[in-house]
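Step one of this worksheet: look at the structure below.
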Amino acid sequence: MLENVLAPAKADLKKALPVWCAGTTGAYTLPDEAERWMKQSAFKLSAGAVLLVPNPDGALMGAILGVGAGDDSFVTGALARALPQGDWYFAELANLDPALAAIGFLLGAYRFDAYRKASPEGPRLTLDPALDRAAIERAVRASWLARNLVNTP
């Protein structure tokens, strides 16, 4: 269900955790703590790699998504399986298209569980209010319907 992976339209961005997309080419901005953690962890910015970033007190501060060369906005689909439960938003997109990045995340969250127990709740995406939420939902619902039709037989 899309409602399980997409936060409500009125969701508070202040309660969501940030995802910073960073690539091997192009400019991106990370908070100092996240940059330090990335270097200490020897994290490679390869496409689809995810690094959870803790605060100095050990609580989760956010996550870094490696986007490689940064030419595929759908790389954000890797987040849907890598992030822990909670609300997330894109704080930095590097060179990625914001709408396609949101669609990529939501397509990555697709699960065919018609004949199984429902999957436990995972991360939810909080959309930037500037994005066309209805268009994103239509695209994702259409893709999920097509996937369900293929997977049902």
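Values below: all heavy atoms of this structure, side chains included; hydrogens, waters and symmetry mates excluded.
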* To do: Search all heavy atoms of Trp144 against all heavy atoms of Leu2 and return the closest pair with its distance.
  => CZ3-N, 3.4 Å

* Are Leu93 and Leu30 connected, step by step, through hydrophobic side chains (Ile, Leu, Val, Met, Phe, Trp, Tyr) whose heavy atoms are closer than 4.5 Å? -> no

* To do: Indicate, with yes or no, if Leu13 and Trp20 share a hydrophobic cluster defined by side-chain heavy-atom contacts under 4.5 Å among Ile, Leu, Val, Met, Phe, Trp and Tyr.
  => no

* Asked: For Tyr89, does its backbone N or O pair with a side-chain atom of Thr126 as donor and acceptor, under 3.5 Å?
  -> no

* Structure fact -> Looking only at heavy atoms, the pair that brings Leu79 and Val19 closest together is CD1-CG1, 3.8 Å

Under 3.5 Å, sequence neighbours excluded: what are the donor-acceptor pairs made by side chains of residues 38-59?
residue : atom : partner : partner atom : Å
Ser41   : OG   : Trp37   : O            : 2.8
Asp57   : OD1  : Ala59   : N            : 3.1

* Do Trp88 and Leu131 belong to the same hydrophobic cluster, where Ile, Leu, Val, Met, Phe, Trp and Tyr are linked whenever their side-chain heavy atoms lie under 4.5 Å apart, directly or via other members? -> yes

* For the student: nearest non-hydrogen atoms of Pro18 and Ala91, plus distance -> CB-CB, 3.6 Å

Using a 3.5 Å cut-off and no angle test, enumerate the donor-acceptor pairs between side-chain atoms of residues 96-111 and protein atoms at least two apart in sequence or in another chain.
residue : atom : partner : partner atom : Å
Asp97   : OD1  : Ala99   : N            : 3.1
Asp97   : OD1  : Leu100  : N            : 2.8
Tyr110  : OH   : Asn148  : N            : 3.4
Tyr110  : OH   : Asn148  : OD1          : 2.7
Tyr110  : OH   : Asn151  : ND2          : 3.0
Arg111  : NH1  : Gly108  : O            : 3.2
Arg111  : NH1  : Ala109  : O            : 3.2

* Asked: Is there a side-chain contact between Glu3 and Pro8 (heavy atoms, below 4.5 Å)?
  -> no

* Structure fact -> Shortest non-hydrogen pair, Ala69 vs Thr25, comes out as O-OG1, 2.9 Å

* Please lay out, stage by stage, how Asp12 and Lys15 fare under the test side-chain contact (heavy atoms from CB on, under 4.5 Å). => CA-CA 6 Å; Asp12 188 2; Lys15 293 181 181 178; 3.9 Å; yes

* Give a yes or no on whether Phe112 and Val5 share a hydrophobic cluster (residues Ile, Leu, Val, Met, Phe, Trp, Tyr; joining criterion: side-chain heavy atoms under 4.5 Å apart). => yes

* Pair listing, salt bridge (Lys or Arg N to Asp or Glu O under 4.0 Å) test, anchored in residues 63-90, at least two apart -> Asp87-Arg124

* To do: Measure the OH-CD1 distance between Tyr28 and Ile64 for me, rounded to the nearest 0.5 Å.
  => 8.0 Å

* Trace of the side-chain contact (heavy atoms from CB on, under 4.5 Å) decision for Phe90 with Thr76 -> CA-CA 10 Å; Phe90 291 115; Thr76 56; 3.8 Å; yes

* Measure the CD1-CZ distance between Ile136 and Arg141 for me, rounded to the nearest 0.5 Å. => 12.5 Å

